[in-house]
Amino acid sequence: MSAPVSKERATSVNDSNNMRKIGERIEGRRSDEIIIAFCGPVGCNLADVIRTTRVQFEEYGYLTEHIKVSDIIKKYYKDHGLPDHLKHLSLDPPPGKNRYTTLQDLGNDLRQKFDSQILAALAMAKVAALRDIAMDKTNVSKPPKTVYIIDQLKHPEEAELFKLVYGNIFYLVGVLSPQNVRFNYLTRNERIPGHEAQYLIDRDRNEHNTTHGQKLEKTVQLADYFIRNNQDSISNLIAPCQRFVALVHGKNGVTPTKDESGMYAAYSASLKSACLSRQVGAAIANKEGNIISLGWNDVPKFGGGLYTSDSPNDQRCIYHGGKCYNDIHKSALIQDIVKIVSSKVAVSDETKEALAELIQKETRAGSIIEFSRAIHAEMEAILGLARSQGNSTDSCVLYTTTFPCHNCARHIIAAGIKRVVYIEPYEKSLALDLHEDAITTDENHTGKTLFETFSGVSPGKYAAFFVARGKRKDTHGVAVDIIKTDAMHIGTEYLDPYQTIEGKVVEDLMSKVAPLPPPPPPPRAA
């Protein structure tokens with residue numbers, strides 16, 4: 001016969017059960033949807049990556065919906081008609097250059113007419129419509145387990161809106177291919193003449209002189225996961241796509257690669273920078289993949305190293321006049337050029353200002369970096385090894401959040417670094433132009449330092465993807481895996497706003513609290 005349960009313990013158990021029921025009810029309102037947007041440069045053969053990723057999610061029991069932004073663009077103009085300045089375009093152009101330029105022109109026109117985020121908003125409207133259809137079919141109050149694939153984004157403000165609206169259930173996947181591979185794909189597979197293929201690549205990367213144009217380069221930098229598609233075999237895409245889906249579901253035993261750890265170290269180092277221009281971080285890994293040096297861009301201090309928040313007499317630019325000395329000296333140089341031109345040709349003050357602005361935007365004078373007080377991140381990482389003992393840069397890998405400038409590149413080559421991995425391009429760099437004899441972007445080319453784009457989990461998602469969730473083993477010590485169809489997505493968003501959840505929790509708990517007895521009446525007056 002079991003021992004009687006005390007009143008206090010029974011109350012505690014009931015309270016625990018009540019709390020568990022509240023938690024279960026809240027979890028029942030957790031979204032089972034995932035929104036994935038893809039972005040990739042023209043010629044990267046994005047279709048193969050999307051198809052492979054879609055199959056992986058379907059194995060986890062998801063419904064998948066493929067939303068093509070190109071179809072949204074064409075539908076809008078079929079419904080509303082082409083504007084006068086684009087009447088010459090066909091909404092169903094044949095394969096080739098015109099198919100790309102038509103969609104580029106129409107996408108730009110929509111952003112110019114409405115807002116840079118208009119295509120993202122139209123894609124969201126499509127998501128909402130598909131959700132309503134699915135819920136009507138199943139006659140349920142909660143959206144079914146669905147992945148919405150957005151194909152594709154070309155402007156950073158589109159990605160930012162998706163992140164803002166969908167929060168933790170949104171992922172941006174960046175697909176990258178070497179430029180020579182993309183050029184060959186356009187010229188061989190799509191039979192586009194070489195000069196036209198190069199025009200498409202350049203326009204897609206960064207369309208100058210417009211804020212509403214193609215900005216793929218800036219968009220892909222916001223990616224949560226990077227996939228490198230060298231287009232040698234579609235079978236090579238299965239592993240990175242499979243790994244992405246496993247990470248999204250917290251699969252046990254998936255840990256960072258050497259490149260992911262190296263780039264995360266570089267990113268962490270970048271956060272120490274107080275440079276007024278940009279934060280850049282670098283990390284050097286030895287042959288075993290161990291990080292042996294870190295660097296970030298900031299002002300050097302006497303005795304070696306850089307000023308930090310721990311320096312007793314911090315002399316970084318923000319605290320040393322609060323100004324960027326490179327910008328000051330660069331502006332002075334441009335003004336000197338304008339002054340010389342003005343001495344030869346009579347020009348108005350307005351023309352002088354316009355000329356200065358033109359020099360700033362269109363010439364290398366506007367890209368000068370030599371007047372900065374800061375040491376670059378890559379240089380500080382190399383110098384950090386020079387200040388230490390027992391380590392060497394020979395045959396090491398350097399991870400940097402931004403493509404090295406030409407000055408850093410020459411030192412990287414001289415230091416014997418074998419490979420450089422980066423995320424953000426750097427338009428001002430002349431590294432490839434000045435050192436084509438010693439630098440390559442082709443991994444199959446030996447005898448040169450390889451500069452290649454990063455692939456894998458972005459530093460911003462490192463902790464979210466790799467932190468352990470729940471128990472890794474059962475009570476018998478056996479590793480716990482996940483059953484694909486029952487797997488829970490690691491990103492948590494609820495169908496109700498937090499104020500609604502808060503109100504329900506408070507109401508539920510307060511209803512269980514015994515009402516307090518009314519206060520005694522005040523004493524009667526004598």
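- With Arg111 contributing its side chain and His212 its backbone, the two residues share a donor-acceptor pair below 3.5 Å.
- One finds the CD1 atom of Ile35 at 10.5 Å from the CD atom of Glu493 (value rounded to the nearest 0.5 Å).
- When all heavy atoms are compared, the tightest approach of Val173 to Ala223 is C-CB, 4.3 Å.
- With rounding to the nearest 0.5 Å, the separation of OG in Ser268 from CH2 in Trp296 is 11.5 Å.
- By the 4.5 Å heavy-atom criterion applied to side chains, Val147 and Glu58 are not counted as neighbours.
- More than 12 heavy atoms of other residues, nucleotides or ligands sit less than 6.0 Å from atom NZ of Lys78.
- In terms of heavy atoms, Asn230 sits closest to Pro178 at OD1-CD, 3.3 Å.
- The shortest non-hydrogen separation linking His376 to Cys408 is CB-SG, 3.4 Å.
- Expressed to the nearest 0.5 Å, how far CD of Glu158 lies from CD of Gln152 amounts to 9.5 Å.
- Counting only N and O atoms by type, the side chains of Ser429 and His406 include no donor and acceptor under 3.5 Å apart.
- Atom CD of Gln499 has more than 12 neighbouring heavy atoms from other residues, nucleotides or ligands inside a 6.0 Å radius.
- Side-chain contact between Pro459 and Ile423: present, with at least one pair of heavy atoms (C-beta onward) separated by less than 4.5 Å.
- Listed for the Arg99 side chain is no donor-acceptor partner under 3.5 Å among the backbone atoms of Pro93.
- Remark: Arg131 engages Glu33 in a side chain to side chain donor-acceptor pair (under 3.5 Å) (not counting sequence neighbours).
- Minimum heavy-atom separation, Gly295 to Ala269: O-CB, 3.5 Å.
- For an aromatic pair to be called close, the ring centres must be under 6.0 Å apart, and His249 with Tyr62 satisfies this.
- Salt bridge annotation for Arg278-Glu424: present, with a cationic side-chain nitrogen under 4.0 angstrom from a carboxylate oxygen.
- The shortest side-chain heavy-atom distance between Val505 and Ile26 falls under the 4.5 Å cut-off.
- Here Lys137 does not pair with Asp132 in a salt bridge; the nearest charged N to carboxylate O distance is not below 4.0 Å.
- For the atom pair CG of Asn184 and CD of Glu190, the computed distance is 13.0 Å after rounding to the nearest 0.5 Å.
- Using a distance-only test at 3.5 Å, with no hydrogens or angles considered, no donor-acceptor pair links the side chain of Gln198 to the main chain of His195.
- Residues Cys275 and Cys317 fail the side-chain proximity criterion, which asks for heavy atoms closer than 4.5 Å.
- Here the CD atom belonging to Gln279 is positioned 12.5 Å from the NZ atom belonging to Lys272, to the nearest 0.5 angstrom.
- A salt bridge does not link Lys74 to Asp79: none of the charged nitrogens lies less than 4.0 Å from a carboxylate oxygen.
- Thr64 and Arg54 form a side-chain donor-acceptor contact under 3.5 Å, judged by distance and modelled atom types alone.
- Residues Lys113 and Asp109 are not paired through a salt bridge, judged by the lack of any N-O separation under 4.0 Å between the basic side chain and the carboxylate.
- The two atoms that bring Ile169 and Ser31 nearest to each other are CD1-OG, 4.0 Å, heavy atoms only.
- For the pair Lys330 and Phe371, the cation-pi test (distance below 6.0 Å, angle within 45°) is failed.
- Residues His489 and Val248 have side chains in contact (heavy-atom distance under 4.5 Å, counting atoms from C-beta outward).
- With hydrogens and angles ignored, the 3.5 Å screen pairs a side-chain donor or acceptor of Ser273 with a backbone N or O of Asn297.
- Considering only heavy atoms from C-beta on, Val420 stays 4.5 Å or farther from Tyr399 through its side chain.
- Side-chain N or O atoms of Lys142 include one that pairs as donor or acceptor with a backbone N or O of Gly28 at under 3.5 Å.
- Salt bridge present: Glu27 and Arg30 bring a charged side-chain N and a carboxylate O closer than 4.0 Å.
- Residue Tyr267 places its OH atom among 12 or fewer non-hydrogen atoms of other residues, nucleotides or ligands, all under 6.0 Å distant.
- Within the 4.5 Å cutoff, the side chain of Lys97 has heavy atoms near those of the Tyr199 side chain.
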#### Entry: Audit row: Phe57, Leu63, side chain to side chain contact (heavy atoms under 4.5 Å, CB included) steps and yes/no
CA-CA 8 Å; Phe57 273 104; Leu63 301 173; over 6 Å; no
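- Of the candidates Ile67, Leu46, Ile36, Val69, Asp151 forms a side-chain contact (heavy atoms from CB on, under 4.5 Å) with just one, namely Leu46.
- Of the possible polar contacts, none joining the Ser261 side chain to the Lys258 backbone as a donor-acceptor pair under 3.5 Å is found.
- In this structure, Arg373 satisfies the cation-pi test against Tyr325, with its NZ or CZ atom closer than 6.0 Å to the six-membered ring centre and inside 45 degrees of the ring normal.
- For the pair Asp32 (side chain) and Lys145 (backbone), a donor-acceptor distance under 3.5 Å is absent.
- No side-chain donor-acceptor contact under 3.5 Å links Asn407 and Glu370.
- The side-chain contact (heavy atoms from CB on, under 4.5 Å) with Thr52 is formed by just one residue from the set Asn229, Leu237, Val245, Asn236; it is Leu237.
- In terms of heavy-atom proximity, Ala159 sits nearest to Thr219 at CB-CG2, 4.4 Å.
- In this structure, Gln214 contributes its side chain and His208 its backbone to no donor-acceptor pair below 3.5 Å.
- Leu86 is listed as a side-chain neighbour of Leu106, based on a closest heavy-atom distance under 4.5 Å.
- By the 30° and 60° cut-offs, the orientation of the rings of Tyr462 relative to Phe466 is perpendicular.
- The backbone N or O of Asp496 sits nowhere less than 3.5 Å from a side-chain atom of Thr500 that would complete a donor-acceptor pair.
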### Task
Evaluate the criterion side chain to side chain contact (heavy atoms under 4.5 Å, CB included) for residue pair Tyr185 and Asn45; output intermediate values, then yes/no.
CA-CA 8 Å; Tyr185 177 85; Asn45 196 7; 3.8 Å; yes
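- Phe226 CZ to Asp259 CG: the interatomic distance, rounded to the nearest 0.5 Å, is 12.5 Å.
- Not less than 6.0 angstrom separates the ring centroid of Tyr171 from the ring centroid of Tyr225.
- Between the side chain of Asp298 and the backbone N or O of Ala274 there is at least one donor-acceptor pair closer than 3.5 Å.
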### Task
Applying side chain to side chain contact (heavy atoms under 4.5 Å, CB included), run through His155 and Cys39 and close with a yes or a no.
CA-CA 9 Å; His155 198 284; Cys39 62; over 6 Å; no
### Task
Would you check, one step at a time, whether the test side chain to side chain contact (heavy atoms under 4.5 Å, CB included) holds for Glu160 with Val165?
CA-CA 9 Å; Glu160 288 164 0; Val165 171; over 6 Å; no
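- Judged as a salt bridge (charged side-chain N to carboxylate O under 4.0 Å, His left out), the pairs with a partner in residues 197-216 (not counting sequence neighbours) are, in order, Asp105-Arg203, Lys154-Asp204, Arg203-Glu207, Arg205-Glu217, Arg205-Glu427.
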